[in-house]
Every structure is written in C-alpha cells, then in structure tokens.
> 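Sharing a structure, written as structure tokens. Questions coming.
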Amino acid sequence: MVDPTVASASVLAAALSIGLASVGPGIGQGNASGQAVEGIARQPEAEGKIRGTLLLTLAFMESLTIYGLVIALVLLFANPFIG
Amino acid sequence: MFDFDATLPLMAVQFLLLMVILNAIFYKPLTKAIEERGDYIRRNQVEAQERLSKAETLAKQYEQDLAETRRQSQALITAAQADAQQIVAGKIAEAQEEARHQKEQTQKELDQQKQEAMRSLEQEVDSLSRQILDKILGARVA
Amino acid sequence: MLSFIATPDFPLASLEVGQHFYWEIGNLKVHGQVFLVSWFVIALLVIASILATRNIQRIPSGMQNFMEYALDFVRDLAKNQLGEKEYRPWVPFIGTLFLFIFVSNWSGALIPWKLIKLPEGELAAPTNDINTTVALALLVSLAYFYAGFSRKGLGYFAKYVQPTPILLPIAILEDFTKPLSLSFRLFGNILADELVVGVLVLLVPLFVPLPVMLLGLFTSAIQALVFATLAGAYIHEALEGHGDENEEH
C-alpha cells in the first residue's frame with residue numbers, strides 16, 4: 001500500500017521539479033531570442049545563420065526543462081520510494 | 001520506465017548494423033555520384049570558360065577589324081569629300097575667273113566704244129564749233 | 001508503476017507510460033514494441049536507399065533527388081562540426097544517427113500506431129524508450145573515444161590534465177555527463193511530446209491537439225539535429241584536443 005505522505009510528497013516534488021526547471025531556461029531563452037532579434041535587426045543579411053544558431057541553442061536550453069520533466073515523470077510513473 | 005535490459009545492447013548492435021548497411025547502399029554510392037557530378041560540372045565549366053574566352057577574343061578581333069574598316073571607309077569618304085571640295089572650288093574659281101575676264105573684256109570694249117564715241121563726238125564738236133566760228137567770224141574775216 | 005488514466009471506451013486516447021511488450025529471448029528480456037518500430041524505421045531507410053541508388057543518374061530525379069538532399073544535409077552537418085579535412089570518415093556515423101533518430105521521431109508522431117493492438121504496452125517512437133537513447137549515446141561515447149585514441153594513442157589521456165590537473169575530476173565527470181545528457185535530452189523530449197499530445201487528445205480529441213502535434217514534429221526534428229550535432233562536436237573535440245576547442249554545448 002502506498003504511504004500517503006510519500007505519495008503526496010512525490011506529487012508535490014514532481015510539480016516543483018517541472019515548475020522550477022522551467023524558470024531558468026525561460027529566462028535564458030528570452031535573453032537569447034531578444035539578442036537574436038537585435039542581431040537580425042542590426043544585420044538582416046545574417047538572418048538565416050542567426051536563426052539556425054538560435055534554434056539549436058533554444059533546443060539546448062529546452063533540454064534543461066526536459067531534465068526536470070524526466071524527474072517529474074520518474075516521480076509520477078516510476079517512483080523508487082513506493083514499495 | 002527506466003528498466004534497462006537486453007534492449008540496450010541489441011539496439012546498439014542493430015544501429016551499427018544499420019550504419020554498415022547504409023554505408024554500403026547509401027553513403028558510398030550517392031557520395032560517389034555527387035562527386036562525379038561535381039567533377040563533371042567543373043570540367044564542363046572549365047571547358048565552357050575556355051570557349052567563352054575564345055569567343056570573347058574572336059569578338060574582340062572582329063570588333064577591331066570592324067573599327068579598322070570603318071576608319072578606312074571614313075578616311076576614304078573624307079578624301080573623296082576633299083577631292084570633291086577641291087574640284088568644286090576649282091570649278092568655281094575658274095568660272096569666277098572667266099566671268100571676271102568676260103566682264104573685263106566687256107568693260108574694255110565698252111571703254112573703247114565710249115572713247116570712240118567721245119572722239120567722234122569731239123570731232124563733231126570741233127567741226128561744229130569751226131562752222132560756228134566760220135559763220136560768226138567768217139563774214140568779218142572775209 | 002502507476003497506470004495513468006484509462007479510458008476503455010476510447011482506445012485512441014489512453015496513456016501508458018512504462019509498460020512494455022516483453023519478449024523473452026533465452027533468459028533475456030527485451031522490449032518488443034521498440035524493436036518492432038525500429039525495424040520499421042530501418043526498413044524504411046533501407047528501402048529508400050535502395051530506391052535511390054538502384055539506378056543512379058547524373059541528373060537526379062524522384063527518390064534519388066530526395067536522398068541526395070538528405071545526404072547533402074548530413075554531410076553539411078558533419079562538415080560544420082568536424083571541419084573540411086576530417087569529416088569524411090564520420091559521415092556514415094553522424095548521418096545514420098541523424099536519419100535514424102529523425103525517422104524514428106517522425107514515425108512515432110505521424111503514424112497512428114495506436115490502431116495496432118499489442119497485448120501489453122503500445123507502439124511508439126523507438127526513441128521514447130530509454131534503452132534506445134542510452135544505446136545511441138553510449139555509441140557516441142565509444143565513437144569519440146575511438147576518435148581520440150586513433151588520433152593520439154594514449155596521449156589522448158593528456159587532455160584530462162591538460163590545463164591543470166585540478167580539473168581532472170571534472171574532466172572525468174564530463175565523460176559521464178555527456179552520454180547522460182544526450183540520452184536524457186532525446187528521451188525526455190520525445191516522451192514529453194507524446195505525453196502532451198496524449199493528454200490533449202484525452203481532454204479534447206478533435207483539432208485542438210493539432211498545433212501541439214506540429215510543435216512536436218518540429219521539436220522531434222530539432223532533437224535529431226541536436227543529437228547529431230553534439231555527436232559531431234564531441235568527436236571533433238576528441239580529435240582536436242582540449243585546448244583549442246571553441247564549441248559550445
């Protein structure tokens with residue numbers, strides 16, 4: 001039988017892990033996109049290159065959130081603390 | 001969710017197998033095809049470049065020839081024009097000369113006739129004046 | 001394992017995480033659904049390659065044209081990471097990584113596997129199983145170790161103490177975090193994508209999930225690109241040594 005304390009703590013931890021993990025990458029992605037737009041405005045002919053790099057770096061930042069999501073999924077679906 | 005088992009090594013082996021297969025049937029032949037095409041295009045381009053430069057030299061030569069011919073014809077025209085000009089000028093001068101000559105001759109004849117007329121007139125005057133003189137003085141003298 | 005929400009009346013919209021269709025080979029257990037879809041992906045790639053190279057022409061058309069585009073793409077990818085001089089021998093590895101992950105991701109997103117019933121678990125992209133992504137990430141690790149050793153022999157270990165021996169633990173740790181982050185990034189992205197689509201389909205079965213599905217297609221493509229790019233960057237780093245790398249990751 002699932003211990004209710006462990007279950008509720010797991011649910012809370014899952015919510016916190018995905019929530020907190022999205023804060024930093026959100027700020028970072030905003031910064032990167034802003035700088036990219038600035039770069040395109042300054043140098044419109046480099047747009048293709050800037051966009052490619054931006055997408056790649058956004059994917060890297062996104063993966064940080066995904067790590068949080070993986071932890072959340074582990075807590076929800078494969079919780080090691082539930083017998 | 002995180003249950004590792006024999007799927008992992010089998011998947012790795014399978015992936016390596018896929019890589020070998022694709023290398024044999026995809027990467028090698030298509031890379032060869034792309035590179036051969038690149039060579040073909042480069043060769044053709046060099047050839048076309050050569051042909052283009054040849055055509056350009058030919059065109060330049062034609063242009064030069066054309067310019068040369070044009071200059072020659074221009075010179076010819078100029079010479080002909082000058083000749084014509086000369087002829088015209090000569091003819092005009094001749095005609096003018098003749099006209100002047102005729103005019104002079106006419107003038108001379110005119111002068112001569114005038115002198116002759118003058119002279120006959122003078123003689124007339126002379127004879128007349130003698131007659132008058134005779135008439136007036138003759139009686140007295142006689 | 002918790003089974004999420006089960007709706008027996010609507011078979012297209014059920015979520016199953018962590019359930020597998022087990023095959024027993026000898027006394028080994030494997031995930032059958034992963035292999036089924038990966039065989040499909042491999043068959044697709046092999047058939048496309050055979051169609052493309054069956055009758056190679058100077059002026060490409062149809063399948064040959066398409067596959068030449070794909071080849072050009074992966075060649076450029078490898079060239080951008082490894083440089084003009086080194087990239088040729090690594091094109092098959094990086095290219096197969098990209099093509100396999102890309103076709104896997106898109107096959108999971110585009111083909112309605114849920115119409116095919118399995119006794120347990122469900123068919124989905126092979127890359128949403130952690131075994132697949134860890135296998136690929138470990139292959140990348142092996143590849144860059146192979147690249148370093150074949151280039152520098154045992155001198156490859158010099159890069160661990162190159163600027164200063166103080167960073168030795170971090171350098172060693174890096175060798176573990178590289179495959180870990182590679183595999184978790186791919187696994188998490190694909191699983192998250194399928195989960196989001198699944199949850200939305202569960203809530204509103206019509207039209208509403210479409211934009212998320214499109215976003216999922218985009219993310220899947222980008223993740224395949226990221227995986228291949230990072231593999232190339234790691235191999236390049238191992239080939240060039242630690243000092244003069246300016247790759248970001």
Side-chain angles (χ1 to χ4, degrees), chain B residues 1-70, chain C residues 1 17-20 22-32 34-35 38-39 41-42 45-46 48-50 52-54 56-60 64 67-68 70-72 74-75 88 91-97 99-101 126 128-139 142 187 191:
Chain B
M1 196 157 72
F2 290 102
D3 42 351
F4 294 101
D5 50 23
T7 315
L8 198 158
L10 283 180
M11 187 57 89
V13 170
Q14 189 176 291
F15 178 82
L16 288 179
L17 213 64
L18 176 69
M19 188 177 93
V20 172
I21 293 173
L22 280 192
N23 191 29
I25 66 168
F26 174 49
Y27 295 111
K28 270 189 188 155
L30 271 195
T31 308
K32 216 177 94 200
I34 287 176
E35 268 160 16
E36 268 173 11
R37 183 181 314 131
D39 278 353
Y40 173 76
I41 288 173
R42 216 167 301 128
R43 216 169 39 236
N44 267 12
Q45 209 172 12
V46 167
E47 243 167 60
Q49 204 80 40
E50 260 168 36
R51 251 180 255 163
L52 187 70
S53 65
K54 206 184 276 178
E56 259 165 18
T57 47
L58 272 183
K60 203 176 277 176
Q61 201 179 330
Y62 282 143
E63 207 124 300
Q64 269 175 0
D65 286 0
L66 200 69
E68 181 76 18
T69 319
R70 196 167 287 158
Chain C
M1 255 165 246
V17 174
Q19 295 183 10
H20 299 292
Y22 286 105
W23 287 348
E24 310 262 345
I25 301 173
N27 49 3
L28 296 172
K29 272 176 156 186
V30 297
H31 297 170
V34 177
F35 276 104
S38 72
W39 289 341
V41 169
I42 289 172
L45 284 173
V46 169
S49 307
I50 288 174
T53 54
R54 193 186 38 184
I56 292 182
Q57 311 220 314
R58 179 174 291 149
I59 298 167
Q64 193 194 343
M67 290 308 271
E68 276 191 15
L71 181 61
D72 258 351
V74 294
R75 261 158 62 107
R88 269 162 211 285
V91 167
F93 182 66
I94 293 173
T96 311
L97 270 180
L99 290 178
F100 181 70
I101 294 173
N128 87 350
D129 190 285
I130 188 81
N131 286 290
T132 313
T133 61
V134 169
L136 296 180
L138 286 180
L139 282 179
L142 285 180
F187 165 71
L191 185 67

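Proteins get letters first, then strands, A, B, ... in listed order; numbering begins at 1 in each.
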> Any ion pair linking C:Glu68 and B:Lys32 (charged N to carboxylate O, less than 4.0 Å)?
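The answer is no: the pair does not qualify as a salt bridge.
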> Under a 4.0 Å N-O cut-off, is there an ion pair linking B:Arg51 with B:Glu47?
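Yes.
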> Measure C:Leu138 against the heavy atoms of chain B and call it side chain, backbone, both or neither at under 4.5 Å.
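The answer is the side chain of C:Leu138.
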> Considering residues at least two apart in sequence or located in another chain, which fulfil the ring-ring contact (aromatic ring centres under 6.0 Å, His included) criterion with C:Phe100?
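Only B:Phe15 meet the ring-ring contact (aromatic ring centres under 6.0 Å, His included) criterion with C:Phe100.
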> Can you say whether B:Ile21 sits under 4.5 Å from chain C via the side chain, the backbone, both, or neither, judging by heavy atoms?
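When you check distances to chain C, only side chain atoms of B:Ile21 fall under 4.5 Å.
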> Could you tell me the separation between the CG atom of B:Leu18 and the CH2 atom of C:Trp39, rounded to the nearest 0.5 Å?
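Between atom CG of B:Leu18 and atom CH2 of C:Trp39 there are 14.0 Å.
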> What part of B:Leu22 is in contact with chain C, defined as an atom under 4.5 angstrom from a non-hydrogen atom: side chain, backbone, both or neither?
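Contact with chain C involves the side chain of B:Leu22 alone.
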> What residue, out of C:Thr132, C:Thr96, C:Val91, C:Val74, has the most heavy-atom pairs lying under 4.5 Å from chain B?
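Option with the greatest count: C:Thr96.
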> C:Leu45 and C:Leu99: which non-hydrogen atoms are nearest, and at how many Å?
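Distance-wise, the nearest heavy atoms are CD2-CB, 4.1 Å.
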> Which bit of C:Leu71 comes within less than 4.5 Å of chain B, counting heavy atoms only: side chain, backbone, both or neither?
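Both backbone and side chain.
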> For C:Leu136, is it the side chain, the backbone, both, or neither that has a heavy atom closer than 4.5 Å to a heavy atom of chain B?
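Side chain only.
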> Heavy-atom distance under 4.5 Å to chain B: side chain of C:Arg88, backbone, both or neither?
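Side chain only.
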> Rounded to the nearest 0.5 Å, what's the gap from OG1 on B:Thr31 to CD on B:Glu36? Could you check?
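Answer rounded to 0.5 Å: 11.0 Å.
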